[in-house]
Number of protein chains: 2
Amino acid sequence: MSRILVVDDEKDIVELVSLHLQREGHEVVSVGNGLAVLPMAVKTAPDLIVLDIMLPGIDGVQVHRRLRADTRTRHIPVIMLTARAQTNDRIAGLESGADDYLTKPFSPRELMLRIGAVLRRSQKVVMLAEQRIGEFLLDRKNMSLSINGKLIELTITELKLITTLMANPDVIHSRSELLSAVWGYADDTHSRTLDTHIKRLRDKLGDHGRHIGTLRRQGYLFQSTVQELADSDA
Amino acid sequence: MSRILVVDDEKDIVELVSLHLQREGHEVVSVGNGLAVLPMAVKTAPDLIVLDIMLPGIDGVQVHRRLRADTRTRHIPVIMLTARAQTNDRIAGLESGADDYLTKPFSPRELMLRIGAVLRRSQKVVMLAEQRIGEFLLDRKNMSLSINGKLIELTITELKLITTLMANPDVIHSRSELLSAVWGYADDTHSRTLDTHIKRLRDKLGDHGRHIGTLRRQGYLFQSTVQELADSDA
DNA sequence: GCTACACGTGACAAATTCGTCACCATTCGC
DNA sequence: GCGAATGGTGACGAATTTGTCACGTGTAGC
């Protein structure tokens, strides 16, 4: 599942938290000294760090600063464990930097919920840099479309349109869905805007414009494969 | 590393191939019956399938057809194992569909090389759909940039420019690199095109335009963090 | 077969984008 | 400090993009 780095010098806290995390299928790494956090974080690349404030070596606030300052660890979400004795402005300082915080003593269940929430928020959504469908190559990194290796010059509107269609090939995209994705509004009563852009796009695709199909009263779709022109018995 | 589905009813072949694959760090799943391939492929989502022609149940050619016809498995590369007794036109038919083929008896080393080559060819390049840097959110899926949740309206040229810069934050991008990535040429002798677009982009970013730094005689860079305006001792 | 509705089409004009360029500002090396 | 090189700036005009709209074509339901 995910790898969690637990930082606390109280062994019973570490064991309790580890137990709960492992029960949920996470992998746990732990350290008990502030100075050891950054090297361990760099080495193990955890998905989240649970970081206690009171630490031997250097304290949790300092550790947090170092994690944020290092390009290798700055992206790792951090949940800080604070003691009730912390002053309010100190807690405010923590809140502004950490992804979440929890006051000791805490219920392990509460911590698990917090960890789950922070992990979900931080999950990276990825997509294919290049998507090939038949003779089409959509290069999302360079924001370009090629057909059989030949670059098709598209306006940004046309590019957004084909990108939206090719994101889910062979699936119908309603008019309102396309308008929303490309134009930011969903109602096109009495307007031919979408139709005009579809035509322009099809024109630029030449013969391959047939890959953009119309489903009357439903919307448009990008077809991975199209029927060959029938010469006989058409 | 990668997950490989090995399909062969000869147990010694399966064991031999599995041994070599596991030695290279791959995970191996195997089935010995043609009818079991598709369900297993759907279930385990392998990165590559090694598929023997001679199978009980349905033969390898049929299996291959089914894999290609199913949207859940059509993208999985297939290496087919053929027997020397196969006729030439049958082999030609296989070649046109499989990603690679190998004739029994084969050396395991040869198969490993083929597997490596096919895997390398099929690796999907992915990138973050959304990239957050400080207050900037680059949404590659929708081709948009937001700062603190506020959409910044950019032209396609400006978008390509900021995308290129943010792809490697805090790294210098030379003028020729930017020209090549955005304009498709690298020489800007006697032209202020790039500079003009950088200025336009900075203007649209307002205060946050400071994130785009100039390094004289080297190029430009996107800075994840910038110095706060110093009110004292500036 | 007829009609109403949905989509395709060509044309237009306003808006926007783009590259260029003259000039200014800044930086660096001598 | 000076001069040359480099980057910033505002303005211009050509080219392109965009949305709209009248009209035509195609389709589905009665």
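Quick note on labels: first sequence line is chain A, next is B, and so on, each numbered from 1.
If you take CE on A/M143 and NZ on A/K160, they are separated by 10.0 Å, rounding to the nearest 0.5 Å. Between B/T157 atom OG1 and B/L201 atom CG the span is 10.5 Å, to the nearest 0.5 Å. Atom OH in A/Y185 sits 5.5 Å away from atom OG in A/S191 (nearest 0.5 Å). Taking OG1 of A/T73 as the start and CE of A/M40 as the end, the distance is 14.0 Å to the nearest 0.5 Å. Interatomic distance, B/I53 CD1 to B/Q62 CD, rounded to the nearest 0.5 Å: 11.0 Å.
Across the protein-nucleic acid pair, B/L161 atom CG and C/dT17 atom P stand 15 Å apart, rounded to whole Å. Note: CG (B/L178) to C1' (C/dG19) measures 17 Å, nearest angstrom. Atom pair B/L159:CG and C/dT16:P shows a separation of 18 Å (rounding to whole Å applied). Atom-to-atom, CG of A/L201 to P of D/dT17 comes out at 13 Å; the value is rounded to the nearest Å. Atom CD in B/E158 sits about 15 Å away from atom P in D/dT17, given to the nearest Å. For the pair A/L154 CG and D/dT17 P, the interatomic distance rounds to 10 Å; values are reported in whole Å. The CZ-C1' distance, from B/R200 to C/dC21, rounds to 12 Å in whole Å.
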Side chain to side chain contact (heavy atoms under 4.5 Å, CB included) between B/Y220 and B/D195, intermediate numbers included: CA-CA 10 Å; B/Y220 296 98; B/D195 312 273; 3.1 Å; yes

Worked check of salt bridge (Lys or Arg N to Asp or Glu O under 4.0 Å) between A/D99 and A/R68: CA-CA 12 Å; A/D99 295 273; A/R68 287 285 180 266; 3.0 Å; yes

Derivation of the side chain to side chain contact (heavy atoms under 4.5 Å, CB included) call for A/L205 and A/H211: CA-CA 9 Å; A/L205 301 182; A/H211 281 267; 5.9 Å; no

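When each of A/R202, A/K199, A/K204 is paired with A/E158, the salt bridge (charged side-chain N to carboxylate O under 4.0 Å, His left out) condition holds for A/K204 and for no other.
Residue A/W183 places at least one side-chain N or O closer than 4.0 Å to OP1 or OP2 of D/dG19. OP1 or OP2 of D/dT20 has at least one side-chain nitrogen or oxygen of A/T193 nearer than 4.0 Å. Phosphate proximity of C/dG19 to B/S191: absent, as no side-chain N or O sits under 4.0 Å from OP1 or OP2.
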Where protein sits on nucleotides 2-9 of chain D, one letter per nucleotide: B base, S sugar-phosphate only, - none, heavy atoms under 4.0 Å: ---BBBBB

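Summary of helix geometry: the two end axes of the helix from C/dG1-D/dC30 to C/dC30-D/dG1, each defined by five base pairs via their C1' atoms, are inclined to each other by 40° (rounded to 10°).
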